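Step one of this worksheet: look at the structure below.
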Amino acid sequence: MRTMKGIYTILYIIMAMVGCMSLMACAEQGEWMDDNSISLRAEVERVAPMSRSGNYAEPVADNNLRAMVWFSFDQDEYPEAEGSRDPETNIPGHYVIDFKGEEAAFPNVTNENMRPRYPIDNTPVYCVGFYPHEGWEGWNNNDSKVTHEITGFEDLMYAPPIIGSWNNHFDKHQFLHLLTWLKVCVCATTTEAGNYWGRLKRITLKDVPQELQINNLSKMQSDYGKKITSDDISPLKDTEGNSIIHSVDILNNDPGIDLGINLQDVGSIFCYPQSSYTIVVECENGETKEIEIDLNPLSGTIGFPAGYQYVITLNFHPFNVVEGVCTLQEWNAQNEELYPDAQQ
């Protein structure tokens with residue numbers, strides 16, 4: 001009897017150890033068997049998010065994504081007010097979350113009791129995401145629209161709603177690029193042209209939308225393709241219905257840079273997607289020149305150009321002539337060229 005009792009004791013200990021190891025494995029994956037805390041995985045369309053440092057676009061440090069996620073029981077409303085939260089689930093609410101590659105991540109809270117949780121009665125939970133994690137406004141207008149300033153220095157991304165529940169947890173949340181990335185290169189066609197213009201002092205993107213509006217937060221992720229369309233976003237308008245616009249410098253350098261016959265990359269900028277842009281150049285010889293860049297011949301095959309990069313080459317000719325030539329490539333293709341270690 002003692003022998004059998006000892007065997008049962010050993011088996012019980014082994015089973016307990018296996019159970020503990022399983023729980024540890026679940027914890028590493030962010031999937032607790034004894035907890036209904038919500039975790040998410042992020043997928044970025046085509047490339048890691050980009051930020052603009054100086055005149056140049058670069059991958060965000062370590063290819064991490066710090067985003068804002070909003071949870072709600074109603075796909076038409078995403079309130080923030082603390083008083084509206086269900087104490088059992090901490091929903092609805094807005095949370096910052098740090099995604100690292102393909103790993104599941106929990107929202108950033110001061111203690112685990114403040115994490116959002118799936119309701120045990122299997123009530124569906126809706127979630128939308130935004131990058132960057134700050135600066136989004138308008139969710140309290142009850143019109144399912146939000147806005148963000150377009151500074152030119154950072155990418156804006158949106159993750160359309162996904163739905164999860166106790167029995168069917170959230171899948172990957174796909175973040176879609178909302179802006180177009182413009183890269184500007186310059187060269188003089190001849191030495192004489194370079195001498196005529198002198199040093200290049202300033203390049204400005206003229207009269208582009210200053211704020212972007214996401215038009216419908218109720219449109220589910222499953223209803224999207226791989227890209228944002230002109231139905232999904234629009235420039236923010238003033239009370240008279242006109243787009244709120246501003247001008248942004250791509251290059252502002254005094255005393256300026258030399259215009260040589262070799263092609264130079266002078267800077268890049270993130271801007272609202274549109275069919276054409278106006279670029280203004282100022283040079284040492286006192287000349288100011290406006291160049292119209294028409295994207296329609298290139299955009300015909302892709303439609304709305306959000307999430308794509310246009311490389312604009314400004315060729316400086318003698319006697320006050322500047323020719324703009326534009327090429328198109330997918331965002332990640334350019335990223336592979338400049339930053340081969342960036343996350344795909």
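Atoms considered below: every heavy atom in the structure, side chains included; atoms not considered: hydrogens, waters and symmetry mates. Starting from 1, each residue takes its place in the sequence as its number. Treat the numbers as computed from the prediction; the structure is a model and nothing was measured.
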* **Derivation of the side-chain contact (heavy atoms from CB on, under 4.5 Å) call for Thr278 and Asp207** => CA-CA 8 Å; Thr278 300; Asp207 294 345; over 6 Å; no
* Report the C-alpha distance between Tyr158 and Val146 in whole Å, list the side-chain angles of each, state the deciding distance to 0.1 Å, and finish with yes or no for side-chain contact (heavy atoms from CB on, under 4.5 Å). => CA-CA 11 Å; Tyr158 170 56; Val146 295; 5.9 Å; no
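- Residues Phe175 and Gly129 share a closest heavy-atom pair of CE2-C, 3.8 Å.
- Residues that satisfy the side chain to side chain contact (heavy atoms under 4.5 Å, CB included) test with Ser230, not counting sequence neighbours, are Phe304.
- Between Trp70 and His94, the ring-plane angle classifies as parallel under the 30° and 60° cut-offs.
- Taken from SG in Cys283 to OH in Tyr196, the straight-line distance is 9.5 Å, to the nearest 0.5 Å.
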* To do: Please report the C-alpha distance between Tyr118 and Asn167 in whole Å, then the side-chain angles of each, then the deciding distance to 0.1 Å, and finally whether the side-chain contact (heavy atoms from CB on, under 4.5 Å) criterion is met.
  => CA-CA 9 Å; Tyr118 294 108; Asn167 292 333; over 6 Å; no
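- Met157 is not listed as a side-chain neighbour of Phe130, based on a closest heavy-atom distance of 4.5 Å or more.
- Two residues are said to be in side-chain contact when any heavy atoms from C-beta on lie closer than 4.5 Å; Ser243 and Lys237 meet this criterion.
- Annotation: side chain of Val186 is in contact with side chain of Leu259 (closest heavy-atom distance under 4.5 Å).
- Partners of Tyr126 according to the ring-ring contact (aromatic ring centres under 6.0 Å, His included) rule, which considers only residues two or more places apart in sequence or in another chain, do not exist here.
- For Gln210 (side chain) and His246 (main-chain N/O), no donor-acceptor pair under 3.5 Å exists by modelled atom type.
- Taking CG from Asn320 and CG from Asn285, the interatomic distance works out to 7.5 Å, rounded to the nearest 0.5 Å.
- Side-chain atoms of Asp223 and Gln221 form no donor-acceptor pair, as typed in the model, at a separation below 3.5 Å.
- In this view, Pro209 and Pro235, Tyr272, Gln274 satisfy the side chain to side chain contact (heavy atoms under 4.5 Å, CB included) rule, not counting sequence neighbours.
- Residues Leu178 and Leu212 form a side-chain contact, since some pair of their non-hydrogen atoms from C-beta on lies under 4.5 Å apart.
- In plain terms, the two heavy atoms of Phe71 and Val69 that are nearest each other are CE1-CG2, 3.8 Å.
- Donor-acceptor pairing under 3.5 Å is recorded for the side chains of Asp86 and Thr89.
- Smallest separation of non-hydrogen atoms from Cys187 and Ile261: CB-O, 4.1 Å.
- Side-chain contact of Asp98 with Asn108: a donor-acceptor pair under 3.5 Å is present, judged by distance alone.
- Counting heavy atoms from C-beta on, the side chains of Leu263 and Thr313 come closer than 4.5 Å.
- Contact annotation: the side chain of Phe270 never approaches that of Leu156 to less than 4.5 Å [non-hydrogen atoms, C-beta and beyond].
- Hydrophobic clustering keeps Ile269 apart from Val280 (ILVMFWY residues linked when any side-chain heavy atoms are closer than 4.5 Å, directly or through intermediates).
- Under a 4.5 Å side-chain heavy-atom cut-off, the cluster of Ile, Leu, Val, Met, Phe, Trp and Tyr residues that includes Leu236 is completed by Ile244.
- Remark: Ala193 engages Ala188, Thr189, Thr190, Pro318 in a side chain to side chain contact (heavy atoms under 4.5 Å, CB included) (not counting sequence neighbours).
- Nearest heavy atoms, Glu154 versus Leu179: O-CD1, 3.7 Å.
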* To do: Might you work through the side-chain contact (heavy atoms from CB on, under 4.5 Å) test for Leu295 and Ser276, ending with a clear yes or no?
  => CA-CA 5 Å; Leu295 305 186; Ser276 64; 5.7 Å; no
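- Sorted by first and then second residue, the salt bridge (charged side-chain N to carboxylate O under 4.0 Å, His left out) pairs involving residues 276-298 (not counting sequence neighbours) are Lys206-Glu290.
- From Glu88, atom CD reaches atom CG of Asn36 across 9.5 Å, with rounding to the nearest 0.5 Å.
- Here the side chain of Thr229 pairs a donor or acceptor atom with the backbone of Asp231 at under 3.5 angstrom.
- In this structure a side-chain-to-backbone donor-acceptor pair under 3.5 Å is missing from Arg115 to Asn111.
- Using a distance-only test at 3.5 Å, with no hydrogens or angles considered, no donor-acceptor pair links the side chain of Tyr310 to the main chain of Lys183.
- For the pair Thr180 and Tyr308, the minimum side-chain heavy-atom distance is 4.5 Å or more.
- Here Ile279 contributes atom CD1 and Leu182 contributes atom CG; the two are 6.5 Å apart, rounded to the nearest 0.5 Å.
- A donor-acceptor contact shorter than 3.5 Å is absent between the side chain of Asp265 and the backbone of Cys185.
- Between Phe73 and Pro119, the shortest heavy-atom contact is CE2-CG, 3.6 Å.
- Counting only residues at least two apart or on different chains, no salt bridge (charged side-chain N to carboxylate O under 4.0 Å, His left out) pair has a member in residues 208-217.
- Partners of Pro124 according to the side chain to side chain contact (heavy atoms under 4.5 Å, CB included) rule, which considers only residues two or more places apart in sequence or in another chain, are Ile163.
- Scored by the ring-ring contact (aromatic ring centres under 6.0 Å, His included) test, His148 finds Trp136 as partners (sequence neighbours excluded).
- Here the side chain of Ser39 pairs no donor or acceptor atom with the backbone of Phe106 at under 3.5 angstrom.
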Would you give me the side-chain donor-acceptor pairs under 3.5 Å for residues 197-205, sequence neighbours excluded?
from	atom 1	to	atom 2	distance (Å)
Trp197	NE1	His317	O	2.6
Arg199	NE	Pro255	O	3.4
Arg199	NE	Gly256	O	3.1
Arg199	NH1	Asp258	OD1	2.7
Arg199	NH2	Gly256	O	2.3
Arg202	NE	Asp249	OD1	3.0
Arg202	NE	Asp249	OD2	3.3
Arg202	NH2	Asp249	OD1	3.4
Arg202	NH2	Asp249	OD2	3.1
Thr204	OG1	Asp249	OD1	2.7

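- Of the inter-residue distances, the one linking Glu77 atom CD with Ser218 atom OG reads 9.0 Å to the nearest 0.5 angstrom.
- Heavy-atom minimum distance, Tyr277 versus Pro273: OH-CA, 3.6 Å.
- Within the structure, salt bridge (charged side-chain N to carboxylate O under 4.0 Å, His left out) contacts touching residues 157-180 (residues at least two apart or in different chains) are Glu102-Lys172.
- Under the side chain to side chain donor-acceptor pair (under 3.5 Å) criterion, Asp121 pairs with Thr123, sequence neighbours left out.
- Figure legend: Arg85 and Tyr95 shown as a cation-pi pair, the cationic atom lying under 6.0 angstrom from the six-membered ring centre and within 45 degrees of its axis.
- Val325 is not connected to Val266 by any chain of hydrophobic side-chain contacts under 4.5 Å among Ile, Leu, Val, Met, Phe, Trp and Tyr, and they are in different clusters.
- The backbone N or O of Gln75 sits nowhere less than 3.5 Å from a side-chain atom of Ser72 that would complete a donor-acceptor pair.
- In this structure, the separation between CG on Asn215 and OG1 on Thr147 is 11.0 Å, given to the nearest 0.5 Å.
- Contact annotation: the side chain of Met220 never approaches that of Ile162 to less than 4.5 Å [non-hydrogen atoms, C-beta and beyond].
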